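I have placed the structure first, in the form of structure tokens, so that the comments after it can refer back to it.
Computed from a predicted structure; not experimentally measured. Residue numbers begin at 1 in each chain, while the letters A, B, ... track the order of the sequences. The analysis underlying the following values was restricted to heavy atoms, covering all of them including side chains, and did not include hydrogens, waters or symmetry mates.
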Amino acid sequence: MDGRPDPYSAGPPVSCRPNRAGTNSRGWPSQEPSMTTVRTRFAPSPTGALHIGGARTALFNWAFARGRGGRFVLRVEDTDPERSKREYEDAILDGFRWLGIDWDEGPDVGGPFAPYRQSERAGRHLERAHELVAKGLAYRCFATAEELGELRAGQEARKETLRYDGRYRTLDAAEAERRAAAGEAHTIRFRVPDQDSGGETVFDDSIRGRVRFSHAEVEDWIMVRTDGSPTYNFVCVCDDADMQITHVVRGEEHLVNTPKQILLFRALGLEPPVYAHLPLILGTDGKKMSKRTGDTALEAYRVAGHPPEAVVNFLCLQGWALDGEREVFDRSELVEHFDVKDVSKGGSIFDPDKLAWLSGEYLRAEPLEQTLERAAPFLAAAGLLVDGDLEERADFWRLAIESIRERVRLYAEIPAKLAFLFAPDSVLPWDAGAEAKTRANAGAADVLEGLASFLADLPDERFRRATLADELKQWCASQGHKLGAVFQPLRTALTGEPGGPELADVLVLLGRGRSVARLTAAVGRLRAS
RNA sequence: GGCCCCAUCGUCUAGUCAGGCCUAGGACACCAGGUUUUCAUCCUGGCGACGGGGGUUCAAAUCCCCCUGGGGUCACCA
């Protein structure tokens with residue numbers, strides 16, 4: 001045995017029915033949500049990182065439920081035992097926490113329809129599969145993988161539509177049971193009704209309107225594999241039904257699965273949920289976003305230093321607009337205004353520039369303390385921030401962040417903007433352009449020398465951020481220097497950069513001693529050659 | 001290729017369902033000015049789209065049809 005439940009026995013080891021008695025682990029009252037309560041779900045497959053498109057799908061599901069007093073469910077679709085890993089599941093949940101998306105039911109918090117990992121619901125799935133076989137709504141197929149491969153090759157050669165030909169569709173049921181009982185390997189296929197008599201499945205997609213599929217185009221798909229494990233389309237329906245999901249909001253790639261799923265709901269004697277198929281998020285090549293054309297993993301955007309609020313806001317803008325005018329809005333406004341019906345139909349190309357712009361907007365608008373807190377890991381990684389420094393030099397760090405905040409868009413850009421503060425005063429690296437400009441100014445060395453002694457002699461109470469700019473301007477006036485002829489060399493001497501924070505901030509951040517040291521070093525450097 | 005979905009500025013979109021208020025609005029990007037000690041922020045302005053063709057109508061970005069273009073999907077993956 002390979003550890004999987006025996007597909008040929010009907011006994012469900014796990015009950016997936018709602019827990020009607022008592023309360024669950026979260027202490028909810030012992031009542032089921034009424035059928036009118038909106039219930040949405042996001043069902044990630046823990047076989048890799050959370051995709052940025054998946055994050056948007058989850059966000060829309062979340063917003064839709066939250067806006068209607070409904071519940072948002074997280075269900076782990078780990079029906080692929082080979083590729084599913086718990087660490088991926090953990091990472092996916094972390095991604096949602098980072099975005100600020102919370103869930104009412106899920107593998108970690110439980111809920112009235114637990115368990116929320118599909119691998120733990122296998123008994124219920126198989127029970128249903130056998131129920132359908134018994135009713136003749138599904139059947140056993142003894143075709144081997146090789147056999148099906150040949151079938152496909154033949155169809156391909158004849159340029160026919162690739163589809164299972166239903167070769168075991170009409171096998172006598174008793175005969176099938178005998179072969180199964182004898183241990184012959186087989187799958188269980190769904191019997192699509194009215195394939196040859198013009199049957200069709202029609203449904204009203206909340207986003208796309210009426211969509212129809214001819215049953216002639218829907219094959220008798222596999223519900224249970226040879227090894228006894230249930231497949232996605234089958235499990236998905238069982239669980240959506242058991243978990244009383246009312247609205248299935250998912251990516252457009254699932255549109256073609258919908259007739260299969262609706263047919264299964266009907267076979268099970270259940271009403272299908274409302275479907276809404278979201279347009280795809282496209283890469284710069286106009287195709288479904290892939291690693292080649294952009295960062296597909298949500299995690300990449302956290303690492304790149306985007307504020308999560310900006311990512312959420314940006315994801316909203318991919319396929320949805322608040323009113324067509326306002327671009328910047330928060331989660332609560334999303335929840336208040338979002339309706340799946342307003343989502344656009346066409347795919348959207350992911351625009352990193354616009355995301356970066358939004359990130360800058362959020363970065364500048366948030367409390368300074370928050371920027372500092374979020375930038376800290378990046379500063380630490382760059383070696384600029386050591387343990388305890390944030391507390392010991394709180395004023396320094398606050399000012400440092402404030403001084404460059406409107407000059408960056410991502411947390412990750414902050415270290416580079418502050419690196420000059422941590423360079424050695426005697427051999428500060430100079431930007432080539434900045435140096436050239438300074439050297440072109442014949443009096444620069446003399447000006448810097450004058451500034452050095454002026455600053456060295458400036459009384460402490462006048463060496464303050466609020467007044468330093470005026471002090472410098474007055475000094476310029478008193479010396480008969482033009483502002484530009486003084487500030488440019490001063491900036492080069494202090495920062496080595498062509499641009500950057502206000503010089504008053506730089507002086508305070510460096511402190512009088514280091515400022516004067518840098519000025520003196522610059523004078524020497526300019527006169528040396 | 002079969003089936004399905006889609007189609008407004010370079011990009012994200014509003015407008016399309018209930019045709020006139022649209023000489024098509026906003027945002028990003030880009031360009032040009034302004035503010036500023038630099039860079040940036042900020043402000044002002046500019047550039048820039050209804051894929052094509054038929055209909056219906058007094059009137060079409062909006063409704064219908066065809067074409068073209070793009071995408072998705074065709075697994076014992078999800």
Side-chain angles (χ1 to χ4, degrees), chain A residues 43-47 77-80 82-84 118 141 143-145 148-149 152 156 159-164 185-189 205 207-209 211-214 216-219 221-233 235-236 251-259 277 279-280 282 284 286-288 314 317-328 341 344-358 360 364 404-409 417 434 437 469 472-473 476 482-488 490-492 495 497-504 506:
Chain A
S45 166
T47 53
E77 211 110 333
D78 56 348
T79 49
D80 183 341
E82 299 297 314
R83 298 191 298 147
S84 295
Q118 293 187 317
C141 169
T144 62
L148 294 174
R152 204 171 302 132
E156 215 158 78
K159 295 193 173 170
E160 294 172 359
T161 302
L162 306 183
R163 195 180 308 131
Y164 173 67
H186 65 279
T187 59
I188 294 178
R189 287 185 183 266
D205 187 284
I207 295 172
R208 281 150 221 287
V211 180
R212 55 209 319 151
F213 287 88
S214 162
E217 301 295 334
V218 184
E219 67 174 10
W221 50 281
I222 291 174
M223 292 166 48
V224 180
R225 302 183 183 98
T226 303
D227 67 4
S229 62
T231 63
Y232 163 76
N233 279 120
V235 166
C236 179
E252 193 190 332
E253 68 267 28
H254 287 290
L255 194 55
V256 294
N257 286 324
T258 309
H277 289 92
L280 264 23
L282 279 13
T284 45
K287 291 182 167 57
K288 192 157 77 169
F314 175 76
L317 261 17
Q318 298 287 294
W320 186 76
L322 192 139
D323 59 8
E325 298 288 315
R326 288 188 50 212
E327 307 279 332
V328 182
K341 289 183 173 64
S344 45
K345 301 182 181 82
S348 52
I349 294 172
F350 188 97
D351 180 6
D353 276 337
K354 188 150 183 176
L355 204 211
W357 165 74
L358 266 174
R364 281 188 290 279
I404 47 82
R405 201 154 65 138
E406 62 188 31
R407 294 170 175 81
V408 299
R409 304 195 292 184
K417 293 287 183 192
K437 240 183 212 171
L472 290 171
K473 283 174 190 170
C476 287
K482 286 186 176 169
L483 293 188
V486 172
F487 280 91
Q488 196 282 327
L490 177 57
R491 177 170 297 284
T492 302
T495 72
E497 303 283 342
E502 309 230 345
L503 287 174
V506 173

For B/G1, which nucleotide in any strand shown is its Watson-Crick or wobble partner with both distances under 3.5 Å?
B/C74

Inter-nucleotide P distance (B/C12, B/G53), Å rounded:
24 Å

Walk me through whether A/Y164 and A/C141 qualify under side-chain contact (heavy atoms from CB on, under 4.5 Å).
CA-CA 11 Å; A/Y164 173 67; A/C141 169; 3.2 Å; yes

Does any non-hydrogen side-chain atom of A/T258 lie less than 4.5 Å from one of A/V211?
no

What distance, rounded to whole Å, do you find between the two P atoms, one in B/A40 and one in B/G34?
15 Å

Any strand: nucleotide that pairs with B/C17 via Watson-Crick or wobble, under 3.5 Å
none

Base, sugar-phosphate, or nothing for A/R212, non-hydrogen atoms under 4.0 angstrom?
sugar-phosphate

Please work out if A/L255 contacts a base, only the sugar-phosphate, or nothing of the nucleic acid, heavy-atom cut-off 4.0 Å.
sugar-phosphate

Between B/A14 and B/C31 - P atom distance, rounded Å:
28 Å

Taking only side-chain N and O atoms of A/K288, does any of them lie within less than 4.0 angstrom of OP1 or OP2 on B/U73?
yes

Could you check whether A/N257 gets within reach of a base, just the sugar-phosphate, or nothing at all, counting any heavy atom under 4.0 Å?
base

So A/H277, base contact, sugar-phosphate only, or nothing? Heavy-atom distance under 4.0 Å.
nothing

Partner nucleotide, any strand, of B/A7 [Watson-Crick/G-U, under 3.5 Å]:
B/U68

Does A/H254 stack onto the base of B/A78, taking stacking as ring centres under 5.5 Å apart and planes under 30° apart?
yes

Name the residue closer to the 5' end of RNA chain B, choosing between A/A43 and A/F487 according to the nucleotide with the nearest heavy atom.
A/F487

With respect to A/E252, which candidate in A/D205, A/L280, A/I207 satisfies the side chain to side chain contact (heavy atoms under 4.5 Å, CB included) definition?
A/L280

Is there a side-chain contact between A/R152 and the phosphate of B/A75, meaning an N or O under 4.0 Å from OP1 or OP2?
yes

Per the atom types in the model, does the base of B/C76 pair as donor or acceptor with the side chain of A/T231 at under 3.5 Å?
no

Can you confirm whether the side chains of A/N233 and A/T231 place a donor and an acceptor under 3.5 Å from each other?
no

Roughly how many Å apart are B/A32 and B/G55, using the P atom of each and rounding to a whole number?
46 Å

Write down the distance separating the C1' atoms in B/A24 and B/G2, rounded off to the nearest Å.
39 Å

Once hydrogens and angles are ignored, does a donor-acceptor distance under 3.5 Å link the base of B/C39 to the side chain of A/R407?
yes

Is A/E327 side chain donor-acceptor paired with the B/G26 base, going by distance under 3.5 Å alone?
yes

Give me the distance, rounded to whole Å, that separates B/C30 from B/U68 when you measure between the C1' atoms they each carry.
30 Å

Is the shortest side-chain heavy-atom distance between A/F350 and A/F314 below 4.5 Å?
yes

Return the nucleotide paired to B/A40: Watson-Crick means purine N1 to pyrimidine N3 with N6-O4 or O6-N4, wobble means G-U with N1-O2 and O6-N3, both under 3.5 Å.
none

Gap in Å between the two C1' atoms, one belonging to B/C9 and one to B/C50, rounded
10 Å

Pick the nucleotide of RNA chain B nearest each of A/T79 and A/L280; which residue has the one closer to the 5' end?
A/L280

Decide yes or no, distance alone: a donor-acceptor N/O pair under 3.5 angstrom between the base of B/A7 and the side-chain of A/K345.
no

Return no unless some side-chain N or O of A/T161 is found under 4.0 Å from OP1 or OP2 of B/C74.
no

Atom C1', compared across B/U62 and B/A18: separation rounded to whole Å
11 Å

Classify the nucleic acid contact of A/A145 as base, sugar-phosphate or nothing, counting any heavy atom under 4.0 Å across all strands shown.
base

Any side-chain donor-acceptor pair under 3.5 Å between A/Q318 and A/S348?
yes

Under 4.0 Å, heavy atoms only, any strand: does A/A485 hit a base, just the sugar-phosphate, or nothing?
nothing

